[in-house]
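Read the structure below first, then the notes.
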Amino acid sequence: MTTEQNIPQVDENQIIAERRSKLKAIREQGVAFPNDFERKNMAADLHAAFGEKSHDELEAEQVPVSVAGRMMLKRVMGKASFATIQDVSGRIQLFISNDITGEDAHAVFKHFDLGDILGATGVLFKTKTGELSVRVTEVRLLTKALRPLPEKFHGLTDQEQKYRQRYIDLITNEQTRKTFMIRSKIVQAIREFFARHDYLEVETPMLHPIPGGASAKPFVTHHNALDMEMYLRIAPELYLKRLVVGGFEKVFEINRNFRNEGLSTRHNPEFTMIEFYEAYRDYKYLMDFTERLFSEVARRVLGTTVISYQGKELDLGKPFHRLTMVQAIQKYHPQFTDEQLSNRDFLINELQDLKAKYKPEDGVGGLQLSLFEELSEHLLFEPTFIVDYPVEVSPLARASDKNPGITERFELFIVGREIANGFSELNDSEDQEARFDAQVAAKEAGDEEAMFKDADYIRALEHGLPPTAGEGIGIDRLVMLLTDAASIRDVILFPHMRPE
RNA sequence: GGGUCGGUAGCUCAGCCGGUAGAGCAGCGGACUUUUAAUCCGUUGGUCCCGAGUUCGAAUCUCGGCCGACCCA
């Protein structure tokens, strides 16, 4: 394998050629990529500190500044020019005129291009229209941009290019920058929430000898020295519960999972999850805990729990709805009776009528789940916990003491999307072993997503896992919710694309 | 996997009942000392996604392919 195939074709054009010749001239005059410019001020800080001052106040103070950033706009007017530069905090306008820099320096500036990285020193002032600006005494080219920016007003509209060349999207699109800043704040708020609840943050393997903790197809890779197949993890669950066996009673991990499945507006092959486990708790505690987490994160990141998603409003500060799977089906289809929904033949008939996907070998529980996914899941706009998941689709969850066919498990749906999955953990090693064996039988019968048996995990459980509750939350989907993003690709910096 | 829409200058887009490609921005040259998507004058720039077919002639019509967006599975 060479890396050459990953390098896009060189696409030279007149604009790039022009800029290359400018760079060549700069090289001939000295250091073309200087790194000795001392930037002392950020655009946003200057606006915050001096934006309210009047023209006369600023003239009296003569505030010296040193700013740097990418030139986004340029307006040349003969003997004076304006330029707008952008740093990570925002934008500020430069004013360059023959009177101050001299005619030669101004002439050099006139040949700087949009997209170039500039450093400028000068004094703050206010223009006629009241815009805080820098009256430039010296402006330097710090990095020549050889490629032109997208059209300055419309920016980049082609989704493909926005994803493939995210750097351009970030340069030109304020909303994109904002989305990823919010993403960072969300993760930070989650970390702080768990730290405050005395959780230990851990890192467990990404390379697994046996993929486990979820029902999904793994990516396969090869370890040369050990000459063995390895799998990129589909979930960290079994490792985190080993840590609870070891006595870390509250643990969490925020990291990537990999699932070898299709791409969609809701699925990227690698995605970020937080999984957390707490000993001596159950799934009901987790639901309350999750409500607190979501409302707190929203409040800290957005300042409110009332959010708007794709034009509809919802409140993460209110208690979330809680429905059993059967209730969730009946909510939108009240014509179905409890008796019908616990009748295998009836369920299969309905699923066939709906042309829905289901596994014919499933029992009542699995068929109910298929019907729920077909009829109700996408309609659960307001936050809703669905409880009473059947044992057969929950091989790692503790069965209910009252009803052995169902587990102490929930999934959380918001805006019609699964966003979290939690349960009281199965800590009976013999039951767990029997469940693994059932999964292996299903895998041998052709279910590619069925789980492998992890003998060491059984051994760990045999040492005793305290009663424990655990949950996973999809960070990307949470970010979508809080940034009003329609596609998971809008919240992942470099989403997966077909190779160019 | 199926359906719909799209791929034309560096970018944003027009042109599509067939007649050999246009605008705005960006670039280049010129005018302009408070502009802010600056303005005004001039000007350079094209594998019309790829391949085949129909035709005297294809960006335009037909078929196949590639890539993408959205919807469905």
* **Check: A:L170 main-chain N/O paired with A:R177 side-chain donor or acceptor under 3.5 Å** => yes
* Would you check if the side chain of A:Q165 reaches a backbone N or O of A:Y167 as a donor-acceptor pair within less than 3.5 Å? => no
* Is a side-chain donor or acceptor of A:N268 paired with a backbone partner of A:P495 at a separation under 3.5 angstrom? -> no
* Can you find a donor-acceptor N/O pair under 3.5 angstrom joining the side chain of A:E131 to the base of B:U34? -> no
* Asked: With a 4.0 Å cut-off on heavy atoms, is A:E18 in touch with a base, just the backbone sugar-phosphate, or nothing at all?
  -> sugar-phosphate
* Structure fact -> The answer to which of A:P148 and A:H55 contacts RNA chain B further toward the 5' end, by nearest nucleotide, is A:P148
* Do the side chain of A:R91 and the main chain of A:T84 share a donor and acceptor less than 3.5 angstrom apart? -> no
* To do: Tell me which nucleotide among B:A73, B:C32, B:G27 gets nearest to the side chain of A:E374.
  => B:A73
* Just call it for A:S81: base, sugar-phosphate, or nothing, with non-hydrogen atoms closer than 4.0 Å on any strand. => nothing
* Asked: So what does A:L73 hit on the nucleic acid, given a heavy-atom distance under 4.0 Å: a base, only sugar-phosphate, or nothing?
  -> sugar-phosphate
* Take atom C1' in B:U60 and the same atom in B:U54, then report the distance between them in whole Å. => 14 Å
* To do: Flag the pair A:F410 / A:F320 as yes when their ring centroid distance falls below 6.0 Å, and as no otherwise.
  => no
* Nearest whole angstrom, please: distance from the C1' of B:G68 to the CZ of A:R489. => 9 Å
* Starting at CD1 of A:I16 and ending at P of B:A9, how long is that distance when rounded to a whole Å? -> 14 Å
* Asked: Does A:M497 or A:S133 map to a spot on RNA chain B nearer the 5' end, using the closest nucleotide for each?
  -> A:S133
* Which part of the nucleic acid, if any, lies within contact of A:K22, taking any heavy atom under 4.0 Å across all strands shown: a base, the sugar-phosphate backbone alone, or nothing? -> sugar-phosphate
* In whole Å, what separates the C1' atom of B:G7 from that of B:C50? -> 11 Å
* Take A:E449 and A:S215, measure what side-chain hydrogen bond (donor to acceptor under 3.5 Å, both in side chains) needs, and give me the verdict at the end. => CA-CA 5 Å; A:E449 294 189 350; A:S215 298; over 6 Å; no
* Asked: Do A:D99 and B:U33 have a side chain to base donor-acceptor pair shorter than 3.5 Å?
  -> yes
* Calculate the interatomic distance between A:D113 atom CG and B:C25 atom C1'; express it in whole Å. => 14 Å
* Given B:G68, is OP1 or OP2 found less than 4.0 Å from the side-chain N or O atoms of A:Q161? -> no
* Quickly, which of A:F336, A:F413, A:Y332, A:Y389 forms a ring-ring contact (aromatic ring centres under 6.0 Å, His included) with A:F372? Name it, please. => A:F413
* Grab the NZ-P distance between A:K79 and B:G30 for me, whole Å please. => 14 Å
* C1' atom, B:G22 versus B:U8: distance in rounded Å? -> 10 Å
* **d(CD, A:E151; P, B:A14) in whole Å** => 14 Å
* base_contact_polar (B:U12 base, A:T157 side chain, donor-acceptor, <3.5 Å) -> no
* Can you tell me how far P of B:A26 sits from CD1 of A:I171, to the nearest Å? -> 17 Å
* For B:G45 and B:G64, measure between their C1' atoms and round to the nearest Å. => 33 Å
* To do: Using atom CZ of A:F112 as one end and atom P of B:C28 as the other, report the distance to the nearest whole Å.
  => 13 Å
* Pick the P atom in B:C49 and in B:G6, then give their distance to the nearest Å. => 13 Å
* P spacing across the pair B:A73 / B:A38, given as an integer number of angstrom -> 46 Å
* Asked: Reckon A:Q93 touches a base, only the sugar-phosphate, or nothing at all at heavy-atom distances under 4.0 Å?
  -> base
* Same-atom distance (C1') from B:G24 to B:U39, integer angstrom -> 14 Å
* Asked: Taking atom C1' in both B:G46 and B:A26, what distance in whole Å separates the two?
  -> 16 Å
